[in-house]
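Below, chain A is the first sequence line, B the second, and so on; all start at residue 1.
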There are 2 protein chains.
Amino acid sequence: MAKVDTSLVAHLPLFAGVKPEDLEEILREARSARYPKNSAIFEQGADAQSFFLLLHGHVRAAKTTPTGEQIVVRYVAPGETFGLAMAIGAARYPATAIAVDDSVALIWPTSAWPRLIERFPSLAANTLQTVGTRLQESHTRILEMSTQQVEQRVAHALLRLAKQSGKKLDHGIEIDFPISRQDIAQMTGTTLHTVSRILSGWEQQGLVESGRQRIILRDPHGIVVLAERSPDSGAA
Amino acid sequence: MAKVDTSLVAHLPLFAGVKPEDLEEILREARSARYPKNSAIFEQGADAQSFFLLLHGHVRAAKTTPTGEQIVVRYVAPGETFGLAMAIGAARYPATAIAVDDSVALIWPTSAWPRLIERFPSLAANTLQTVGTRLQESHTRILEMSTQQVEQRVAHALLRLAKQSGKKLDHGIEIDFPISRQDIAQMTGTTLHTVSRILSGWEQQGLVESGRQRIILRDPHGIVVLAERSPDSGAA
DNA sequence: CAGGGTGTTTGCGATAGCTCAAAAGGCGGA
DNA sequence: TCCGCCTTTTGAGCTATCGCAAACACCCTG
């Protein structure tokens, strides 16, 4: 097991208020692992034996219905935690985590959590903050799904992805990991067909440039305008 | 300020693992207040000066868009906390809270939170658990909105309300606070018209009995069946 | 460089649910 | 008791979006 350099993670929200020597102790309990592109990190319903801190790459968390339909819960960016089932008192993972790019994560055994938060209460407070923020974001997503049309929801989704994992280009922002029409559909509650039609339209208007699992926002501001447009204030 | 009896709240999840004498200290920092039916407890966007523990009554938390559309985030039942903006690091309330019945709540100043969790780390751990559970529920709701038809979503919503705040009757379960078609629409992402049509249909099938802001599930199991029915396995 | 597989595009018809509109019912207050 | 308001019901037409189907494009592999 490789030693983890504290300086790489010390600034993360998870460790806010944790003293350097404590951080080292915390990291000693972790191991790190590499996940190749498209490999599963854990499966929905499996025993929640570990929780994770993503160091490199990108991870998709998805939830599947009994009938096989999926939604994307979120994309995890480097520096974020995932698989925190134990923090919420769940014995099993509520979603599946897949590395969408070659990824590296720190891994703690779930069993270590109670001891860790007892010794380092900041961890609990910080995690509460994180989970609370995600709850807010979920509510926003519900609000959008309830009140907005598909095109606006797709616009919001892309803007969020760009903010979280956007790579600045000379002219535009590229989403920095492979993402398909289907993925976006599963983030916005629609079908890949509808997403494809929307992106085709945007491409013709010069708002985006996209291809196989690749999206570049050529005119982010124009997409913001779309995202905020009221349902009927229509284009041609 | 009336003294709060610890025995009334000691068993709540929030206080799990808190010693009786500590609980008393925690409660000493709270005051209690009464909210008449239909009064606002706090407004979305207002300074988050307090957080709450509902003792009696029912509270609706709703989120409003810039354009005035609303969704119901959740209904708060006695024993649950709400208005935890500070736990997630928000300075303002992300939603509006309205008492839907005459209600009583314990109130702590937000400023007390950091000190409380430092002195009583269980509070943070318990709150994390609660917030985590709510996050899960949110994801489930998103999943439903993405994959189910309106009728199924309404069925799920009613079943949840019945479980959380149902009053057992001789023949059926009554939702124990005033709730309109509009409210249900805002919980499920549809319109009051559609909800009305659905409930009318169910009423004719003897599944429910309902009226002005009042719903009784006459055949909860029948509604479970509806909720789980796959999109097409249709009725007449 | 051909083949296979996955992801994307696009057309077309079907429809669930929305919107608009109007009427009716029930409840609380004067 | 009567009035007025708010909630609920119901109708009718419309449309955004889905579902299905087929063709296409790209990438990786052998």
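Note on residues 217-227 of chain A: pairs passing side-chain hydrogen bond (donor to acceptor under 3.5 Å, both in side chains), not counting sequence neighbours, are A:E209-A:R218. Residue pairs meeting the side-chain hydrogen bond (donor to acceptor under 3.5 Å, both in side chains) criterion with at least one member in residues 197-207 of chain A, sequence neighbours excluded, are A:E151-A:W202, A:E203-A:S210.
A donor-acceptor pair shorter than 3.5 Å can be found between the side chains of B:T65 and B:T67. Side chain to side chain, A:T130 and A:T127 fail the donor-acceptor criterion of an N or O pair below 3.5 Å.
With respect to B:K63 and B:E69, no salt bridge is recorded, no charged nitrogen being found less than 4.0 Å from a carboxylate O.
Considering B:R214, B:R74, B:R60 in turn, B:R60 is the only one that fulfils the salt bridge (charged side-chain N to carboxylate O under 4.0 Å, His left out) rule with B:D183.
The ring-ring contact (aromatic ring centres under 6.0 Å, His included) search around A:F51 returns A:W108, A:W113, not counting sequence neighbours. Shown here are the side chain to side chain contact (heavy atoms under 4.5 Å, CB included) partners of B:A62, two or more places apart in sequence or in another chain: B:Q70. With sequence neighbours left out, the ring-ring contact (aromatic ring centres under 6.0 Å, His included) criterion links B:F177 to B:H58, B:Y75. The ring-ring contact (aromatic ring centres under 6.0 Å, His included) test applied to A:F42 returns A:F52, A:Y93, not counting sequence neighbours. Annotation: side chain to side chain contact (heavy atoms under 4.5 Å, CB included) contacts of B:L192 (sequence neighbours excluded): B:R181, B:Q182.
Among the atoms of the strands shown, base atoms are found under 4.0 Å from some heavy atom of A:S196.
A donor-acceptor pair is defined here as one N or O able to donate and one able to accept, closer than 3.5 Å; such a pair exists between the side chain of B:R153 and the backbone of B:Q148. B:T96 places no side-chain N or O within donor-acceptor distance of the main-chain N or O of B:E43, the cut-off being under 3.5 Å.
Under the 4.5 Å side-chain criterion, counting only non-hydrogen atoms from C-beta, A:S146 is in contact with B:M145. Residues A:P94 and B:Q136 form a side-chain contact, since some pair of their non-hydrogen atoms from C-beta on lies under 4.5 Å apart.
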### Message
Walk along nucleotides 13-23 of chain C from 5' to 3' and tag each nucleotide B, S or - by protein heavy-atom contact under 4.0 Å, base first, then sugar-phosphate.
### Response
---SSSBBB--
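Of the residues in residues 207-217 of chain B, those placing a heavy atom less than 4.0 Å from an atom of DNA chain D are B:G211, B:R212, B:Q213, in numerical order. DNA chain C is contacted by A:S180, A:R181 of residues 174-181 of chain A, taking any non-hydrogen atom closer than 4.0 Å.
Nucleotides of DNA chain D with any atom under 4.0 Å from a heavy atom of chain B span, from 5' to 3', D:dC6 to D:dA12.
One end of the helix from C:dC1-D:dG30 to C:dA30-D:dT1 points its axis 40° away from the other end's axis, with each axis taken from 5 pairs and the angle rounded to 10°.
The nearest whole Å value for the distance from the CG atom in B:L192 to the C1' atom in C:dA24 is 15 Å.
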